[in-house]
Amino acid sequence: MESSELYHVKQQFILGAFKALTALELPDASSPDYAPTLLYKARSYIALNDTTSALQLIPSDTEDITLKAAASLARSVAASNLSDQEAVLEELRDFSVEIESEDFEGSEKEKAVVRVLAGTAFARAGEVEEALETLGTETEDLEAVAIIVQIYLSINRPDLAKKQFERSKRWAEDDLLLQLIESNIGLVTGKDAYLNTSSFYTEQIANPSLSSPHLLTARGVTRILRNEIQEAKSDLEESLAQQKDDVEALAAFVVAAGLGGTKPSEAEELWLRLEKEHPNHPLVVDVTQKAELFDESVAKFPVPPAAATVA
Amino acid sequence: MSVMLTKFESKSNRVKGLAFHPTQPLLAAALHNGSVQLWNYRMGVLVDRFDEHEGPVRGVAFHPSRALLATGGDDYKIKVWDIRPQNRRCLFTLHGHLDYVRTVQFHHEMPWILSCSDDQTIRIWNSTSRQCIAVLTGHSHYVMSAQFHPKEDLVVSASMDQTVRVWDISGLRKGSPNSGGPGGVGGNGPGNFETFDNFSTVKYVLEGHDRGVNYAMFHPTLPLIISAGDDRVIKIWRMSETKAWEVDSCRGHFNNVSSALFHPKHELIVSCGEDKTVRVWDLAKRTAIQTFRREHDRFWVLAAHPNLNLFAAGHDNGLIVFKLERERPAFSVHQDTLYYVRDKYVRAYDFTNGSDIGLLSVRKFGSPYMPPRTLSFNPAERAVILTISSDNGMYELTNLPQQAQGEVKDSSVDGKKGSGQCAIFVARNRFAVLNKATQLIEVRDLANSVVKSIKPPVQTNEVFYGGTACLILSSTTSVVLYDIQQQKTIAEVNSPPVKYVVWSADGAMVALMSKHTITIANKTFTQHSMIHETIRIKSGAWDDAGVFIYSTLNHVKYCLPQGDHGVICTLDNPVYLTRVKGKTVYCLDRSARPRTITFDPTEYRFKLALLKNNYEEMLYIIRTSTLLGQSIISYLQQKGFPEIALHFVQDTNTRFELAIECGNLDVAMETAKTINRPECWDRLAQQALKQGNHKIVEKAYQQTKNFDKLSFLYLATGSADKLSKMQKIADARGDPMSRFHNALYAGDVEARIAVLRDVGLHPLAYITAKTNGLEELASEILEAAGLTQADADEDVPPYGPSTLKTPPVVTPSTDLIWPSIPQGENFFDRALANGQLEGGVEPAYVNGDAAVSASSALDAWAKEEEIHEELETEEGGWELDADEEEFEPAAEAIEAAVEEEEELGAGATPGVSETELWIRNSPLAADHVAAGSFDTAMQLLNRQLGIANFVLLKPLFLSIYRSSHTYLSPVASLPPLKLHVRRNPTESSPSRVLPVAARSLQSIRSELVEGYRHVSGNRLADAQSTFRSVLQALLLVVLSSDDEAKQWRDTVTAAREYLLGVSIELERRRVVEEEPDNVRRNLELAAYFTQCELQPPHMQIALRSAIGAFAKANNQAHAARFAKRLLELKPDPKIVAQARQRIAAGDRNPRNAVDISYDEFTPFEICAATYTPIYKGSASVQCPYTHAAYLPQFKGALDPLTNLAEIGAAASGLPAPWS
């Protein structure tokens, strides 16, 4: 059983309150909560793409395999080129092998954490099969399930995602993370007009024990999906007010602006800002690709001569 | 004797109650074991069962209009059920009866339920308040049945006390019974019975039965009552306002009669009893017409369908549903006329004008209760032969009158009769009659005398016309085509008993229809195909193009000559098809009334075109219909046209499958790259290997890291340098076996030795070195291994140096690919390339004219031939200079990736993405843009609106795409999920999801208003660009109704008119500026501007500007005309004054100084390229999008107004997916 502090940390982590976690004071080094809290804090930095801080936080000489794995994940997130990336993935593969060996002394929990971190890194690198393999589709670790489900969703297999979820329901009771997983599935399938997701986020926003702009962003996105554009915009504006440079909220705001209410010129301005500040955001990357695709497609249609020349 | 035709039978426990659903093919059966079954008798399936009663259930009834069922059982309870499948349940239970409940019934309009019981009472319940509102007492024994009168406030009941009683319940309707009676709501107890008697009184007591009475009912229209009793008698009673009396009895049952019903439509009585019979009686004559006997089962209950000719009877072991007479009307089609029989009249129905007249009465022919079975028409003599199955089968030959007369002729006047089961015309003056019992076919002349007798070669049950001088004989297992003249069998086809035969219009094809099969044969039976149906086949007719359209109990379907079939539409009730023409099916319904059904023949036309290789037609269909479904793709694939299917498919996986199937390696390669899964590469490798394209094989092996095969491939192609590379890779992978292989293939002895040494097989290494004459190396090995020569040589016989040499490469085929015949560019490649469909006209739908179809098919082939030749000269086929693919052993290749991929988590194949669903679900360009499929979006715009210049649309495309997808990462550090914004968030079914509509018609209309403001503010350049942008945005609007489509067109037209007007005015200003002397042009343009359809305020601006210009040029007459038009718009008083001055000036001086080309009295359109008038009647071409007019010479040019569309291009217009 974990202490209530640790539970709270975990809850914040799950709901994406990473900023709050990074600001967290670590408990006493002798406390049993020390290592797990440190880990969550490090992972929060990683989630915020602040890998430098994450690596600073983790003692370089640590013997704790979970921290080592977290450091690897941080390096993998930071890796700018393929070979660096590959080297880091190799480390994680080693860790995965190590925890499977018989003389590994760590607890089941540690093993699970290592798998989750490794799985995350693999999934980031696009090694879908390897990630699934590492996490194990029969796992009873909810964090792993969350990743598996998101992987399935990202490859358009909501059916498999649902299966995972149904399977987890049997042993995970009504864990917060389980609800999040269900909400994620709803986000993709759009069942009952995204009702589940929308109520999940509305509930969590009302949760007094934490506040996270991520939740506002998430509800904003859900509202976009529900075609409630004005409401979405107000959520996203609030989220941006709390966290000015949040890419996710900004990207969603661009979409909402494009869908209604905003003048085309303003929407365009927002888009240019996103394009300039976050050239690596998937939306930007995707649209850039599509722009190229457009040019390719256009080339297939010969433009008829201008009328003036005909006359 | 009429025929009892069983439609459905079920086995179950004893059936005590039955009820037909008034509209759906449902039958409720109450069983003795306590269960209530709900059958779909048409499909023969048990739909539902209700099992909450304890003990037998006797009473069952459907609500006449709502989905409710009432049941009453031996548990004294009445239960009311909701029978809708989604919320089937017992709604409520009525308690009150003190003994078995016998029957229940809903009132036809009041919320009342009538029940009767062994407690000697009849009760009426209010189903809304769920209270008993009346208790009718008076019977002194079990009440066996109680029925409402169909119209009046009467109830008839039958009881074991040997009486039938009629009750007046009109009191019930007047006041609210519960407030009227002192007992009030609680008045259910026996002590309160008398409180209800105010409302219901016994009107008549009918005495006459000698035993208990089981059933009694009112006649649906006449003042008659029928009752059935244990005295084995059915009694008919008549009633007047004041009394009721017995009319007659029907005697014949030799045991208790359980039930007797009036036929809902005919003057018939149907009864059943414990003597195991169902009997039919003539109501007028009270004589038995027909008896249907069962061996073991006593009948307990009978029910009649309220509208259809359908009855159900329940017995000891189940139930039967039957009809008394055949419904299939006898008919025959000749040219545009349908001859058919309705209500025993032969009628003629003209397909072309719908006239329907009675020609001949056949009332006296055969049994009066039975319609004729078949009709055969002889156009030469204008005669008909009818057959009827009564009296053991007889026929009658009669001439039809030339015209319809006042008095319709009766066939008995000059009809020639005879006995026989089938009779058909076989020639102008001959007909054939089959006698089934004697198995003799007689050919008779028109005088009805036998000219020839034929002994059929098989046991024949029916005969049909078989073409000139031929008969078709139907036996139990086959059909025989039989030549009458030569008296011999021409052909025989195995088939279940054939019941109907339909010839195609040209007599080339025949459809032989059995209960569940159709055999399509040519006229000599030499070719045939058979279709099986699980549902009963009812009728069929030939389409003019050789497609057979047929109907089953619940579908209209088509069947192509080679046996393909599919559904055209579903039917509520069976119909009998008589003819198919274009999109219309003519048919007779169950009551023999002519009807038409229109349907969409696209699917089968497409398939037919495919079969006939009629590409023109296919292309036309593809272009004009929304045929792009999964079904058509799988059809094409299944029928061996993968290359055609390839043109329809967007989905990469399917594309890959198809490309592999039709051997299109380029497409396969391209798609394999996108899919990038080992199975794909494997299959690609196999296919490429078959075609000898080792380049692709190599690529595929590299992708799957199939090192062994790769090495062997290099060996086979003699690619020595690649082999040595493979050695290096094997080295890097740390796979000695592979290294050894590669060394062996490459003939590299040193490398081989090195491998052996590395793995510690020193003796082998030594021997290898030794036998290859590498003495030095051999001793070095020995030394390194710490061995002596003796150790190594001990058991090994001495070898001389190997004399075998690695064979040299004779022809380096590394860069050569096995030549293959260049695939001709196929018709569709050309037609669909880049979405540039050649504008075309609909090819005449081949109307059964074989010559036309054959020649067009030939044309298509001929075209292909030509293209083959062209290509052969273009392309050498030897891709000698194909780029060399460098195989780079990337760092990760060395990893265990290969092995890991083998044991993938099952089912991790990517699914269908939402964007793909969008593309599939929508024919709208806007949706394809949102899905990111710009290519297809452009094709659609091109096809639908003739858009050819897309460059301007780029920002629009990108902003729509961008607004349709959003991202969220709910799990830390994972890449965000790409989410797709739908416009129908309540819909999550993959076949219906659609992307969000980024631009609404509303928002664009507000932009249009913005443009109007620019016009008012004289910012014409801004206005011009605004209107252009409006017209661009309108291209990508999602419309959802006819209404919106109309609004859309209005908006397009308004924007076009303003754009044209503004452009003209801008041109005029340019003329004034740059060519000040060109007054004439200046004036013309000013005049044209006033001809654009503008709103009044803007029209005023245009007119005032024109007045100014014309007045200045001293064209007073014109200026006055404009002023008059201005006055019609009722402008400000100030402007009115000016206008009047202008008119006065014009009156004073009605002349024009400058002669201009402007005739305001002839309607004209303005060419949007030259700004010159195109007067009504002169030739013009249109912009396919805005419909702006242009002079004919601009056809094919880019329209200068919007710069989007190709002037005069063919366009199909926007699709209307909502309809």
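Below, chains carry the letters A, B, ... as their sequence lines are ordered, and counting in each starts from 1. What you see is a predicted model; the values in this text were computed from it and never measured.
Summarising the geometry of A/Pro304 relative to B/Ala948, their closest heavy-atom pair is CD-CB, 3.6 Å, with the distance given to 0.1 Å. Closest approach of B/Ala998 to A/Leu259, counting heavy atoms only: CA-CD2, 3.8 Å. The minimum heavy-atom distance between A/Tyr194 and B/His980, with the atom names listed, is OH-O, 3.9 Å. In plain terms, the two heavy atoms of A/Phe294 and B/Phe950 that are nearest each other are CZ-O, 3.2 Å. Nearest heavy-atom pair across B/Pro970 and A/His214 is CA-NE2, 4.3 Å. Heavy-atom minimum distance, A/Lys290 versus B/Phe934: O-CE1, 3.4 Å.
At distances below 3.5 Å, at least one donor-acceptor pair connects side-chain atoms of A/Asn227 with backbone N or O atoms of B/Arg982. Between the side chain of A/Glu248 and the backbone N or O of B/Ser969, at least one donor-acceptor pair lies under 3.5 Å. A/Arg124 contributes no side-chain N or O that, together with a main-chain N or O of B/Pro975, makes up a donor-acceptor pair within less than 3.5 Å.
Note: B/Thr966 leads B/Leu953, B/Thr966, B/Asp1199 in heavy-atom pairs under 4.5 Å with chain A. Interface summary for chain B: among A/Gly258, A/Pro282, A/Ala123, the most heavy-atom pairs under 4.5 angstrom belong to A/Pro282. Interface check for chain A: of the options B/Arg983, B/Glu1007, B/Glu914, B/Arg999, the most heavy-atom pairs under 4.5 Å are formed by B/Arg983. In terms of heavy-atom pairs under 4.5 Å with chain A, the best-connected choice from B/Pro985, B/Ala972, B/Ala1209 is B/Pro985. In terms of heavy-atom pairs under 4.5 angstrom with chain B, the leader among A/Ile147, A/Asp192, A/Leu73, A/Leu293 is A/Ile147. Chain B forms the most heavy-atom pairs under 4.5 Å with one residue out of A/Arg226, A/Arg43, A/Glu296, A/Gln289, and that residue is A/Arg226. Most heavy-atom pairs under 4.5 Å with chain A: of the set B/Ile960, B/Val912, B/Leu968, this distinction falls to B/Leu968.
Interface residue A/Leu180: only side-chain heavy atoms are found under 4.5 Å from chain B. In this structure, chain A has a heavy atom under 4.5 Å from the side chain of B/Phe957, while its backbone stays farther away. No part of A/Leu195 comes within reach of chain B, as not one of its non-hydrogen atoms sits under 4.5 angstrom from that chain. Residue contact with chain A, scored on non-hydrogen atoms closer than 4.5 Å, involves the backbone and the side chain of B/Val971 alike. The contact between A/Tyr201 and chain B is made entirely by side chain atoms (from C-beta outward), counting heavy-atom distances below 4.5 Å. Proximity to chain A involves both the backbone and the side chain of B/Thr986, based on heavy atoms less than 4.5 angstrom apart. Residue A/Glu143: no heavy atom, backbone or side chain, is found under 4.5 Å from chain B. With a 4.5 Å cut-off on non-hydrogen atoms, A/Val77 does not touch chain B at all. For A/Ala251, no part sits under 4.5 Å from any heavy atom of chain B, backbone or side chain. With a 4.5 Å cut-off on non-hydrogen atoms, A/Thr189 touches chain B through its backbone but not through its side chain. Contact of B/Tyr967 with chain A is made through backbone and side chain together, with heavy-atom distances under 4.5 Å.
Other residues, nucleotides and ligands contribute more than 12 heavy atoms inside 6.0 Å of the CD atom of A/Glu266.
The OG atom of B/Ser973 sits 7.5 Å away from the CG atom of A/Asn49 when rounded to the nearest 0.5 Å. Here the CG atom belonging to B/Leu979 is positioned 9.5 Å from the CD1 atom belonging to A/Ile224, to the nearest 0.5 angstrom.
A/Asp295 places a side-chain heavy atom less than 4.5 Å from the side chain of B/Lys954. A 4.5 Å side-chain heavy-atom check between B/Val981 and A/Leu225 finds at least one atom pair inside the cut-off. Under the 4.5 Å side-chain criterion, counting only non-hydrogen atoms from C-beta, B/His965 is not in contact with A/Val255.
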Could you walk me through whether B/Arg962 and A/Asp286 pass the salt bridge (Lys or Arg N to Asp or Glu O under 4.0 Å) test, one step at a time? CA-CA 9 Å; B/Arg962 185 173 92 198; A/Asp286 191 21; over 6 Å; no
Decide yes or no on side chain to side chain contact (heavy atoms under 4.5 Å, CB included) for A/Leu153 and B/Leu977, but give the supporting numbers first. CA-CA 8 Å; A/Leu153 292 177; B/Leu977 275 177; 3.9 Å; yes
